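Here the structure comes first, spelled out in structure tokens, and everything after it is commentary.
Treat the numbers as computed from the prediction; the structure is a model and nothing was measured. Chain letters run A, B, ... following the sequence lines, proteins first and then strands; every chain starts at 1.
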There are 2 protein chains.
Amino acid sequence: MATLKYSRQRASIKEYLDHTTEHPTADTVYLHVREEFPRISLGTVYRNLNLLADMGEAIKITTPDGGDRFDGNTHPHYHVVCTCCNRVFDLHIDEAHINTMNKLAEEHFDGTIDSHATLFYGTCQDCLTQKTSRES
Amino acid sequence: MATLKYSRQRASIKEYLDHTTEHPTADTVYLHVREEFPRISLGTVYRNLNLLADMGEAIKITTPDGGDRFDGNTHPHYHVVCTCCNRVFDLHIDEAHINTMNKLAEEHFDGTIDSHATLFYGTCQDCLTQKTSRES
DNA sequence: CTTAATGCAAAAACTTTGCACCGCT
DNA sequence: AGCGGTGCAAAGTTTTTGCATTAAG
């Protein structure tokens, strides 16, 4: 089996994910990490993001618009996407709720449930404020 | 403003969505509708699926793997994707739960919440059975 | 030295779009 | 007739992949 080998690029990507709350797309990660590794390729970014997600060290957030987004916060939580500015926000829900939902789902499904992802759609405060000021 | 005009192609697509439970991808819809309209194009299928989704006559299910899927059942409900065979199943949850979740989320979010989509990950009975029979 | 990871570029997968023509109203 | 829808093909977007080279163990 393939043993994972350290790479400075992957470390940098993980470091970035762990310190940002903006839920970047692969391309945003690429643009950022490129400041430290000017020769890094987008392919490498994708490979490492997928690796991190597979290892459980990052979460891949599938969104309807644009590309997937990545989150270094692996603690179970939900997300809100603002349908106005497209930004993604964390939403912390009582942790017990996550398990409760999985169990509830399993009762209604002929099979086993491992996990779930919930994406809320709404409008963030910034966008609400901008709309209000435009209605003058 | 653009008035919506009837089209046999769109009617056929909607008819198909309303009578299947397989949550087809755009391509699957294309392959199916092509039996009735051999000259229909994939572009037309995409245009109509997006139209139906915008009109609230279908739901677009964003999945992590492959393309988006479509559901003619617009009644609020959740979905389970089998991580083994990639099929998508309906999951009927108490309707009140949907609103409760939106309100709950709004309490924890600085903005407004309109809706949410939840996708469960699990293994369907068919795949569980196949795994068991392989472990002989 | 051995093998995983990278950079690069090409390709794959999915979706949208411009345009001339067709069909609904 | 007027305008929206279609078919077709081309292009756009996002993600993956083959391969020679580089770097980690």
Identify which nucleotide among [options] has an atom closest to any side-chain atom of [X], counting heavy atoms from C-beta outward.
X     : options               : answer
B:D68 : C:dC24, C:dT15, D:dC8 : C:dT15
A:R39 : C:dC8, C:dT16, D:dC8  : C:dC8
B:K60 : C:dT16, D:dC8, D:dT16 : C:dT16

In this structure, is the centre-to-centre distance between the rings of B:F109 and A:F89 below 6.0 Å? yes

Does anything in residues 13-28 of chain A reach DNA chain D, meaning a heavy atom under 4.0 Å, and if so which residues? none

Closest heavy-atom pair, A:H116 versus A:I98, reported as atoms and distance to 0.1 Å, is CE1-O, 3.4 Å

With a 4.0 Å limit, can you tell me whether B:R8 has a side-chain N or O closer than that to the phosphate oxygens OP1/OP2 of D:dG5? no

Phosphate OP1/OP2 of D:dT6: any B:S7 side-chain N/O under 4.0 Å: yes

Most 5' of A:F70 and A:L4 on DNA chain D, judged by nearest nucleotide: A:F70

By the 4.0 Å heavy-atom rule, please label A:T44 as base, sugar-phosphate, or nothing. base

side-chain contact (heavy atoms from CB on, under 4.5 Å) involving B:D126 - partner list, sequence neighbours excluded: B:R87, B:C124

Look at the side chain of B:H19 and the backbone N and O of B:L17, then say whether any donor-acceptor pair between them is shorter than 3.5 Å. no

Between atom [atom1] in [X] and atom [atom2] in [N], what is the gap in whole Å?
X     : N     : atom1 : atom2 : value
B:R34 : D:dC8 : CZ    : P     : 10 Å
B:I40 : D:dA9 : CD1   : C1'   : 16 Å
A:D54 : C:dA5 : CG    : P     : 12 Å

For a quick check, tell me whether the side chain of B:R47 and the base of D:dG7 share a donor-acceptor pair closer than 3.5 Å. yes

So, does the side chain of A:K5 form a donor-acceptor pair with the base of C:dT3 at under 3.5 Å? yes

Going only through I, L, V, M, F, W and Y residues with side-chain contacts under 4.5 Å, is there a path from A:V88 to A:V29? no

If we count only N and O atoms by modelled type, under 3.5 Å, do the side chains of B:N50 and B:K60 hold a donor and an acceptor together? yes

We want to know whether A:T44 and A:Q9 form a side-chain donor-acceptor pair, criterion being a heavy-atom distance below 3.5 angstrom. no

